[in-house]
Amino acid sequence: VLLVAAIGKRNHELCKDYVITINGAQKNLFINEKDIKKLLNSGLNGKIKGEPIAEFNLRKLEQLIEGNAWVRNANLYFDNREVLHVAIDEKEPIARLFTTAGKSFYIDSERDKMPLSEMMSARVPVFTNFPDKKILSAKDSILLSDVRNIASFVLSDSFWMAQTEQIDITEDRNFEMIPTIGNHIVRLGKGN
């Protein structure tokens, strides 16, 4: 009886405030609190503070926020002070790819494509000559895995990161690094 009464009382409470936390290993913050607030407002048809807690469909709001290209995961919950907590895990780019048609995008460690950001540019390895296709073939998916492997290796080593200007994908799907210093090409071979 006490539990039912507490839940009933809780549903009539109003949201007093909200706290947005964005987590990312490098704190690049390609998405900011203003963007998250805009998404919340669109999902709630207006304001956040002062709305009845019963009006909040937290699962729907999480899905709405996770629909953003820069969000990996979103968790929303109310604490015992009627404060909405919004915890965001931001996707982090590990490579920037330029396609054969000149288009550009980032990929993360799970090989998900991400758009370029107007807020900032990530300092990640640059790959050129990636195939320009909307739907990747099996060979292109393997190539993307190779890009991820090389990008992860370069990012994890400060020497390689400082020495790598860009990495070209050759016609036979091998990789060639153009160093920052020098007038030579380093043939890396396949992605392993």
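All of these numbers come straight from a predicted model, not from anything done at the bench.
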Visitor: Which pairs pass ring-ring contact (aromatic ring centres under 6.0 Å, His included) with one or both residues in residues 155-192, sequence neighbours excluded?
Guide: Phe153-Trp160
Visitor: Indicate whether any N or O donor in one side chain lies under 3.5 Å from an N or O acceptor in the other, for Thr128 and Asp168.
Guide: yes
Visitor: Following the transitive rule for hydrophobic clusters with a side-chain heavy-atom cut-off under 4.5 Å over Ile, Leu, Val, Met, Phe, Trp and Tyr, establish whether Ile22 and Met120 coincide in one cluster.
Guide: yes
Visitor: Using a strict threshold of under 4.0 Å (side-chain N to carboxylate O), is an ion pair present between Lys133 and Asp140?
Guide: yes
Visitor: Is it true that Lys91 and Glu110 have a side-chain N and a carboxylate O under 4.0 angstrom from each other?
Guide: no
Visitor: Is it the case that over 12 heavy atoms from other parts of the model lie below 6.0 angstrom from the CZ atom of Arg59?
Guide: yes
Visitor: Can you tell me how far CD1 of Ile65 sits from CD1 of Ile36, rounded to the nearest 0.5 angstrom?
Guide: 5.0 Å
Visitor: So, Ser42 side chain and Leu39 main chain: donor-acceptor pair closer than 3.5 Å or not?
Guide: yes
Visitor: Would you mind reporting whether Ser109 and Arg72 have side-chain heavy atoms less than 4.5 Å apart?
Guide: yes
Visitor: Can you establish whether the number of heavy atoms outside Asp172 located under 6.0 Å from its atom CG is more than 12?
Guide: yes
Visitor: Tell me if a side-chain donor or acceptor on Tyr106 pairs with a main-chain N or O of Val124 at a distance below 3.5 Å.
Guide: no
Visitor: I'd like to know whether Asp17 forms a salt bridge (Lys or Arg N to Asp or Glu O under 4.0 Å) with Arg81, so could you lay out the CA-CA distance, the side-chain angles of the two residues, the decisive distance to 0.1 Å, and finally the verdict.
Guide: CA-CA 9 Å; Asp17 203 1; Arg81 293 186 180 121; over 6 Å; no
Visitor: Taking it one step at a time, do Phe105 and Phe98 satisfy ring-ring contact (aromatic ring centres under 6.0 Å, His included)?
Guide: CA-CA 7 Å; Phe105 58 91; Phe98 285 87; 9.1 Å; no
Visitor: Quick one: do Arg148 and Asp112 make a salt bridge, cutoff under 4.0 Å?
Guide: no
Visitor: Within a 6.0 Å radius of atom NZ on Lys113, are there more than 12 heavy atoms belonging to other residues, nucleotides or ligands?
Guide: yes
Visitor: By the definition side-chain contact (heavy atoms from CB on, under 4.5 Å), identify the one residue from Leu144, Val126, Ile169, Ile167 that meets it with Leu97.
Guide: Leu144
Visitor: Sub-3.5 Å donor-acceptor pair from the side chain of Arg111 to the main-chain atoms of Ser141, do we have one?
Guide: yes
Visitor: In plain terms, say whether Asp146 and Arg173 are close enough for a salt bridge, that is, a side-chain N and a carboxylate O under 4.0 Å apart.
Guide: no
Visitor: Does the plane of the ring in Trp70 sit parallel, tilted or perpendicular to the ring in Phe30? Use 30° and 60° as the thresholds.
Guide: parallel
Visitor: Got a donor-acceptor contact below 3.5 angstrom from the Asp35 side chain to the Asn32 backbone?
Guide: yes
Visitor: Is there a donor-acceptor contact under 3.5 Å from the side chain of Glu90 to the main chain of Ile31?
Guide: yes
Visitor: Hey, are the side chains of Leu61 and Leu44 touching, using non-hydrogen atoms and a 4.5 Å cut-off?
Guide: yes
Visitor: Do Glu66 and Asn68 have side-chain N/O donor and acceptor atoms under 3.5 Å apart?
Guide: no
Visitor: Does some side-chain heavy atom of Arg96 sit less than 4.5 Å from a side-chain heavy atom of Ser104?
Guide: yes
Visitor: Decide if atom NZ of Lys190 counts as having more than 12 heavy atoms of other residues, nucleotides or ligands within a radius under 6.0 Å.
Guide: yes
Visitor: Treating Ile, Leu, Val, Met, Phe, Trp and Tyr as nodes and any side-chain heavy-atom pair under 4.5 angstrom as an edge, say whether Val186 and Met161 lie in one connected cluster.
Guide: yes
Visitor: How many angstroms lie between atom CG of Leu76 and atom CZ of Phe56, to the nearest 0.5 angstrom?
Guide: 9.0 Å
Visitor: Working to the nearest 0.5 angstrom, can you tell me the gap between Ile48 CD1 and Leu40 CG?
Guide: 4.5 Å
Visitor: Can you tell me how far apart CD (Glu176) and CD (Gln166) are? Round to the nearest 0.5 Å.
Guide: 10.5 Å
Visitor: What is the distance from atom CD1 of Ile142 to atom CG of Leu136, rounded to the nearest 0.5 Å?
Guide: 11.5 Å
Visitor: Determine whether Ile178 and Val154 fall in the same hydrophobic cluster, where Ile, Leu, Val, Met, Phe, Trp and Tyr are linked whenever their side-chain heavy atoms lie under 4.5 Å apart.
Guide: no
